[in-house]
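Structure first, commentary second.
Given the structure is predicted, the values throughout are model-derived calculations rather than measurements. By convention in this document, chain letters (A, B, ...) are assigned in the order of the sequence lines, proteins followed by strands, and residues within each chain are numbered from 1.
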Number of protein chains: 2
Amino acid sequence: MTLTNDHPDVAALRAFNRLYTNRLGLLNAHLDQSPFTLTEARILYELAHRDEPTAADLMRTLQVDRAQLSRTLKRFADRGLVEKSEHPEGGRRQPISLTPVGRTTFAALEQNTCTAIGALLDTLAPTERRRLIAATDIVSEVLGEKAGGALLLRDLKPGDLGWIIHRQTVLYVEEYGWNQEYEALAAGILADFVKSFDPAREAAWIAEIDGRIVGSIFLVESDKSGVAKLRLLYVEPDTRGRGVGAALVAACIERARAVGYETLVLWTNSVLTSARRIYERAGFTLTEEAPHHSFGKDLVGQTWSLDLGQA
Amino acid sequence: MTLTNDHPDVAALRAFNRLYTNRLGLLNAHLDQSPFTLTEARILYELAHRDEPTAADLMRTLQVDRAQLSRTLKRFADRGLVEKSEHPEGGRRQPISLTPVGRTTFAALEQNTCTAIGALLDTLAPTERRRLIAATDIVSEVLGEKAGGALLLRDLKPGDLGWIIHRQTVLYVEEYGWNQEYEALAAGILADFVKSFDPAREAAWIAEIDGRIVGSIFLVESDKSGVAKLRLLYVEPDTRGRGVGAALVAACIERARAVGYETLVLWTNSVLTSARRIYERAGFTLTEEAPHHSFGKDLVGQTWSLDLGQA
DNA sequence: AAATCGTTGTTGATTGAGTCAACTTAAGGC
DNA sequence: GCCTTAAGTTGACTCAATCAACAACGATTT
């Protein structure tokens with residue numbers, strides 16, 4: 001799919017770009033009163049944060065001209081900030097490193113930029129600042145190297161339930177055209193979950209990657225003795241295929257077994273195909289299917305069951 | 001409050017800044033192959049989007065040197081891109097405008113940058129792109145001119161309920177140290193609201209500013225005939241004092257009266273002082289107070305009542 | 001062994017953005 | 001009239017940025 005040029009997203013990103021260069025571009029420009037150019041500062045930063053890169057390395061990551069880089073490094077060397085050494089594998093390559101003087105100089109520069117940015121942040125109200133940082137984190141994550149932080153499963157904390165209801169509803173509305181009925185169902189389930197929560201026999205997990213909620217699952221006691229229900233599994237679409245769902249289900253099964261349940265059941269809908277695969281791989285079997293009309297659609301409800309294999 | 005320089009927020013914003021200059025800075029630099037510098041492009045942009053600004057105007061908004069600006073404008077004039085006219089009020093001021101040639105040149109330039117940005121966006125998955133745009137919108141809003149968009153009251157749409165539960169819980173946990181009990185209460189209330197929703201006698205409003213949810217309120221029928229309840233009023237802290245709460249309460253009262261209720265009551269807690277002021281101004285009177293232990297705290301519950309003055 | 005090619009780094013030459021300071025031109029205030 | 005302030009121009013200088021040519025070295029080919 002290709003965007004047309006007058007797509008609103010393009011306009012939004014351009015507006016952002018413009019604002020950013022107008023506001024913060026200056027923050028860079030000469031880092032007021034520092035003796036270093038933006039490019040020089042970027043080079044110093046790379047030198048300080050990498051392990052003896054060669055000039056060619058810097059050229060590629062910072063996208064600067066070879067000539068300019070060569071001269072800049074020479075200036076740095078003249079000022080005693082950097083030194084070049086021999087590359088172990090021979091060749092013309094020269095690993096470059098900061099001298100002690102270079103390190104202290106860089107530290108002072110860092111100090112200045114941090115102060116400048118701190119001053120900028122101080123002009124914002126706490127709420128605004130938090131929103132700004134959250135937003136820039138997202139931009140960094142989306143545009144940044146897709147290192148893909150580690151998956152973390154954690155307990156519930158206040159605000160999670162509302163967030164889950166919100167995200168699940170939005171997802172199911174977008175993907176399957178369901179209506180608000182689902183939101184009420186989820187809200188009801190979670191309200192009951194908290195009200196009658198038995199920490200010894202029930203649990204919930206939130207999956208996080210880089211501090212962002214990317215999935216959740218609930219283990220709830222059922223009416224029938226020895227039977228637990230797995231409920232409200234969901235995984236953010238853009239993190240699917242990274243094992244988030246499997247990890248959540250595994251945690252749920254493990255706990256159910258540890259607590260002493262004999263059977264784990266779950267109710268889902270046939271349209272939720274990616275979830276279905278996760279259940280199958282975890283060993284669940286389809287025990288019942290029945291059409292129903294809910295959330296504004298004709299659906300096929302499914303009951304899946306897993307024998308936890310204990311007396 | 002002043003931030004220390006090693007505050008994580010500073011680090012986050014710096015990381016963002018670095019990433020941004022590395023990734024998108026190039027997008028600016030020379031807008032590859034265009035004959036215009038970044039500064040020149042910015043000047044052209046301002047000329048195209050403003051009504052005949054003077055050189056001094058440009059100088060202030062773009063933060064460029066007078067000399068540089070003067071020379072750049074002269075170059076533009078030589079190339080036939082801009083023309084200067086007489087300022088109606090006399091003086092040395094010369095309003096500057098693009099010539100037809102300048103307009104078409106600028107249009108071509110725009111086309112290029114849009115294509116470049118479109119190409120960048122096309123490399124992202126749809127979900128990622130949406131997250132990116134949402135994030136940049138927030139940055140623009142926080143750093144941008146605090147024009148403060150218009151307040152919009154709208155109906156409920158799917159996902160709103162979860163969002164409200166999430167935000168209210170986070171706020172009350174942060175501000176008053178309440179626990180998850182509140183989240184369950186809110187989820188239960190809203191689940192019931194949807195399940196037994198009577199469109200003729202009940203309603204809900206979401207307050208939005210610039211597409212962001214900044215508050216909400218619910219009008220719910222009570223057990224007692226002729227009596228309606230106002231529930232779950234909340235306003236985002238950073239938009240308080242802009243009449244959001246008052247507008248929500250006013251909408252609620254108006255509808256309650258229109259539908260034919262005789263009395264509007266609400267239950268709140270004494271610690272919620274900003275809400276209290278809104279109720280007082282709207283004409284509510286405190287009818288009952290009783291201590292209770294909820295949400296992990298000792299609180300004083302209050303019942304407020306408003307006579308809608310109809311037979 | 002020689003020729004070729006790709007990579008790495010240096011140097012020359014040129015352009016023009018960016019900066020500081022001096023100066024001109026107009027308007028308003030007293 | 002004089003002084004102050006703002007707007008715009010011009011001169012002089014620095015140096016980042018860019019292009020192109022070239023030297024050094026390894027790897028590959030012939």
Side-chain angles (χ1 to χ4, degrees), chain A residues 21-22 25-44 46-47 50 52-79 81-97, chain B residues 21-22 25-44 46-47 50 52-79 81-97:
Chain A
T21 40
N22 284 350
L26 337 167
L27 246 182
N28 288 336
H30 253 313
L31 288 168
D32 286 23
Q33 316 320 338
S34 112
F36 295 104
T37 327
L38 170 58
T39 317
E40 288 177 329
R42 291 170 68 207
I43 294 172
L44 283 178
E46 288 298 317
L47 285 174
R50 296 177 62 173
E52 309 216 337
T54 67
D57 291 336
L58 295 177
M59 209 186 93
R60 274 183 291 265
T61 52
L62 296 179
Q63 305 264 33
V64 291
D65 184 76
R66 357 145 76 99
Q68 185 187 351
L69 186 59
S70 173
R71 267 184 267 262
T72 307
L73 288 175
K74 188 176 184 181
R75 269 201 318 275
F76 283 171
D78 289 346
R79 282 201 265 173
L81 302 178
V82 305
E83 34 186 27
K84 301 173 181 178
S85 54
E86 288 285 308
H87 195 282
E89 294 174 19
R92 287 194 78 188
R93 282 175 284 178
Q94 321 176 355
I96 304 160
S97 56
Chain B
T21 40
N22 283 350
L26 337 166
L27 251 182
N28 287 336
H30 251 314
L31 288 167
D32 286 23
Q33 316 320 337
S34 111
F36 295 104
T37 328
L38 171 58
T39 318
E40 288 177 328
R42 292 170 68 206
I43 293 172
L44 282 177
E46 288 298 317
L47 285 174
R50 297 177 60 172
E52 310 217 335
T54 67
D57 291 335
L58 295 177
M59 211 186 91
R60 275 182 292 263
T61 52
L62 296 179
Q63 305 264 36
V64 290
D65 185 76
R66 351 145 76 99
Q68 185 186 351
L69 186 59
S70 173
R71 267 184 268 264
T72 307
L73 288 175
K74 187 174 184 179
R75 266 201 319 276
F76 283 171
D78 290 346
R79 282 201 265 174
L81 302 178
V82 305
E83 34 185 26
K84 303 173 180 178
S85 55
E86 288 285 309
H87 196 282
E89 293 176 18
R92 285 194 80 188
R93 282 175 285 179
Q94 321 177 353
I96 304 160
S97 56

Self-check item: B:A56 side chain, from C-beta outward: closest of D:dG8, C:dG9, C:dT11
Solution: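 Minimum distance to the B:A56 side chain belongs to D:dG8.
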
Exercise. Ignoring the backbone of A:A67, work out which of C:dA17, D:dG11, D:dC19 is nearest its side chain.
Key: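 Among the listed nucleotides, the one closest to the side chain of A:A67 is D:dC19.
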
Figure out the [atom1]/[atom2] separation between [X] and [N], and round it to whole Å.
X	N	atom1	atom2	answer
B:L62	C:dA17	CG	C1'	15 Å
A:L69	D:dC19	CG	P	15 Å
B:M59	C:dA17	CE	P	18 Å
A:R75	D:dA16	CZ	C1'	8 Å
A:L58	C:dT10	CG	C1'	16 Å
A:D57	C:dT8	CG	P	8 Å
B:F76	C:dA17	CZ	C1'	13 Å

Quiz item: Quick one: on DNA chain C, does A:L73 or B:D65 contact a more 5' nucleotide (nearest heavy atom)?
Solution: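 Taking each residue's closest nucleotide, the earlier one in sequence belongs to A:L73.
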
OP1 or OP2 of [N] sitting under 4.0 Å from any side-chain N/O of [X]?
X	N	result
B:K74	D:dG8	no
A:S70	C:dG9	no
A:R60	C:dT8	yes
A:R66	D:dA20	no
B:T37	C:dA17	yes

Self-check item: Within-4.5 Å side-chain heavy-atom neighbours: B:T54 and B:M59
Solution: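 Sidechains of B:M59 and B:T54: no contact.
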
Quiz prompt | Residue pair A:F36 / A:I43, side-chain heavy-atom distance below 4.5 Å | solution =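 No, too far: nothing below the 4.5 Å cut-off.
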
Self-check item: side-chain contact (heavy atoms from CB on, under 4.5 Å) partner of B:E46, the single match among B:D57, B:I96, B:L58
Solution: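 That would be B:L58.
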
Quiz item: On DNA chain D, nearest-nucleotide positions of B:A55 versus B:R71: which is more 5'?
Solution: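 On the 5' side of the pair lies B:A55.
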
Self-check item: B:R42 and B:T37: side chain donor to acceptor below 3.5 Å
Solution: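 There is no such pair (donor and acceptor under 3.5 Å, judged by atom type) between the side chains of B:R42 and B:T37.
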
Quiz prompt | Sugar-phosphate, base or nothing in reach of B:T39, heavy atoms under 4.0 Å | solution =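 Sugar-phosphate contact only.
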
Quiz item: What are the two closest heavy atoms between B:S97 and B:E52, and how far apart are they?
Solution: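 So the two residues come closest at CB-OE2, 3.4 Å.
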
